[in-house]
S.K.: 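One structure is given below, represented as structure tokens, and several questions about it will come after.
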Amino acid sequence: MGMEKLETIEQFERVMKETERFLFVKHSLTCPISQAAFGECEKFAADHPELAVYCLYVQEARPLSNYIAETTGVKHESPQVLLFENGRVVWHASHWSITYEALETHAIVA
């Protein structure tokens with residue numbers, strides 16, 4: 001399935017309601033670190049179709065990005081990944097901490 005891009009608070013709220021467990025990626029189009037992290041996330045999403053993975057591009061979806069920071073209490077960073085379970089963030093990472101290995105360790109239930 002890969003990653004599905006979200007742009008609005010409404011889309012995000014629907015995912016929160018309908019999806020028990022998902023990974024969310026905040027990506028900055030202008031940041032090389034984000035480019036690298038996004039690549040890791042894309043590879044991970046392709047290898048793990050059983051886990052829903054969503055993303056936003058910070059430059060295109062700032063209101064949504066701020067909304068997620070406000071409602072979860074997790075300070076906004078980009079790049080950033082957040083793992084949601086039952087409407088709560090159970091793990092998050094940013095910048096160079098976003099690697100394929102980290103995603104596999106934290107997001108995949110053995």
Side-chain angles (χ1 to χ4, degrees):
M1 177 187 119
M3 282 197 267
E4 192 181 325
K5 194 165 83 162
L6 301 183
E7 292 175 342
T8 68
I9 291 169
E10 291 72 35
Q11 287 173 323
F12 178 75
E13 282 296 319
R14 189 164 59 244
V15 169
M16 286 279 273
K17 264 197 212 73
E18 294 170 2
T19 315
E20 197 175 303
R21 199 166 181 278
F22 63 95
L23 199 61
F24 197 88
V25 183
K26 288 185 176 186
H27 174 44
S28 166
L29 298 168
T30 52
C31 168
I33 299 173
S34 195
Q35 212 56 56
F38 195 70
E40 295 282 290
C41 293
E42 280 184 315
K43 206 163 67 193
F44 175 81
D47 289 349
H48 296 282
E50 75 281 3
L51 180 66
V53 183
Y54 297 92
C55 65
L56 66 75
Y57 296 168
V58 175
Q59 286 80 355
E60 297 173 4
R62 220 169 277 282
L64 174 56
S65 183
N66 294 340
Y67 177 79
I68 291 170
E70 283 157 23
T71 55
T72 61
V74 178
K75 189 170 95 58
H76 165 73
E77 310 217 41
S78 69
Q80 184 177 53
V81 292
L82 305 114
L83 180 64
F84 284 86
E85 270 179 25
N86 303 314
R88 284 178 36 249
V89 174
V90 292
W91 174 73
H92 61 92
S94 70
H95 296 84
W96 295 117
S97 307
I98 302 170
T99 62
Y100 188 96
E101 288 72 29
L103 291 165
E104 222 162 39
T105 302
H106 295 279
I108 294 306
V109 180

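Along the sequence shown, residues are numbered consecutively beginning with 1.
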S.K.: Distance check, rounded to the nearest 0.5 Å: Leu6 atom CG versus Leu64 atom CG?
M.R.: 6.5 Å

S.K.: Do Val25 and Ile33 sit in one hydrophobic cluster, given that two such residues count as connected whenever their side-chain heavy atoms are within less than 4.5 Å of each other, even indirectly?
M.R.: no

S.K.: Nearest 0.5 Å, what's the OG1-CD distance between Thr72 and Glu70?
M.R.: 9.5 Å

S.K.: Are Phe24 and Leu56 close enough that some pair of their side-chain heavy atoms sits under 4.5 Å apart?
M.R.: yes

S.K.: On a heavy-atom basis, which atom in Ala45 and which in Met3 lie closest, and how many Å separate them?
M.R.: CB-CG, 3.9 Å

S.K.: Enter the distance from Thr8:OG1 to Arg14:CZ here, rounded to the nearest 0.5 Å.
M.R.: 7.0 Å

S.K.: Just wondering, do Glu60 and Lys5 contact through their side chains at under 4.5 Å, heavy atoms?
M.R.: yes

S.K.: May I ask you to test the Glu4-Cys55 pair for a side-chain heavy-atom distance under 4.5 Å?
M.R.: no

S.K.: Where is the tightest heavy-atom contact between Ile108 and Arg21, given as atom of each residue plus distance?
M.R.: N-NH2, 4.4 Å

S.K.: Can you confirm whether the side chains of His48 and Glu104 place a donor and an acceptor under 3.5 Å from each other?
M.R.: yes

S.K.: Got more than 12 heavy atoms from elsewhere within 6.0 Å of CD, Gln59?
M.R.: yes

S.K.: Any side-chain heavy atom of Val15 within less than 4.5 Å of one from Tyr54?
M.R.: yes

S.K.: For residues 68-90, which residue pairs qualify under ring-ring contact (aromatic ring centres under 6.0 Å, His included), counting only residues two or more places apart or in two chains?
M.R.: Phe12-Phe84, Phe22-Phe84

S.K.: Quick one: does any side-chain atom of Ser97 pair with a main-chain N or O of Ala93 as donor and acceptor, under 3.5 Å?
M.R.: no

S.K.: Heavy atoms only: give me the nearest Leu51-Ala107 pair and the separation to one decimal.
M.R.: CD2-CB, 3.8 Å

S.K.: Please list all pairs passing the side-chain hydrogen bond (donor to acceptor under 3.5 Å, both in side chains) test where one or both residues lie in residues 33-42, with sequence neighbours left out.
M.R.: His27-Ser34

S.K.: Can you confirm whether the side chains of Ser65 and Lys26 place a donor and an acceptor under 3.5 Å from each other?
M.R.: yes

S.K.: Is Tyr100 reachable from Ile98 through a run of hydrophobic residues whose side-chain heavy atoms are each under 4.5 Å from the next?
M.R.: yes

S.K.: Applying the 4.5 Å side-chain criterion to the ILVMFWY set and letting contacts propagate, would Trp96 and Leu83 be lumped into a single cluster?
M.R.: no

S.K.: Apply side-chain contact (heavy atoms from CB on, under 4.5 Å) to Val81 and His92, showing your working.
M.R.: CA-CA 5 Å; Val81 292; His92 61 92; 5.9 Å; no

S.K.: Got a donor-acceptor contact below 3.5 angstrom from the Gln80 side chain to the Lys75 backbone?
M.R.: yes

S.K.: How close do Pro63 and Ile9 get, heavy atom to heavy atom, and via which atoms?
M.R.: O-CD1, 4.1 Å

S.K.: Kindly indicate whether the side chain of Leu103, heavy atoms from C-beta on, has any atom under 4.5 Å from the side chain of Trp91.
M.R.: yes

S.K.: Side chains of Tyr67 and Glu13: closer than 4.5 Å at any heavy-atom pair?
M.R.: yes

S.K.: Can you tell me how far CZ of Phe44 sits from CD of Glu101, rounded to the nearest 0.5 angstrom?
M.R.: 11.0 Å

S.K.: Between Cys31 and Pro79, what is the shortest heavy-atom contact and its length?
M.R.: SG-CD, 4.4 Å

S.K.: Going by heavy atoms in the side chains, are Val74 and Leu82 under 4.5 Å from each other?
M.R.: yes

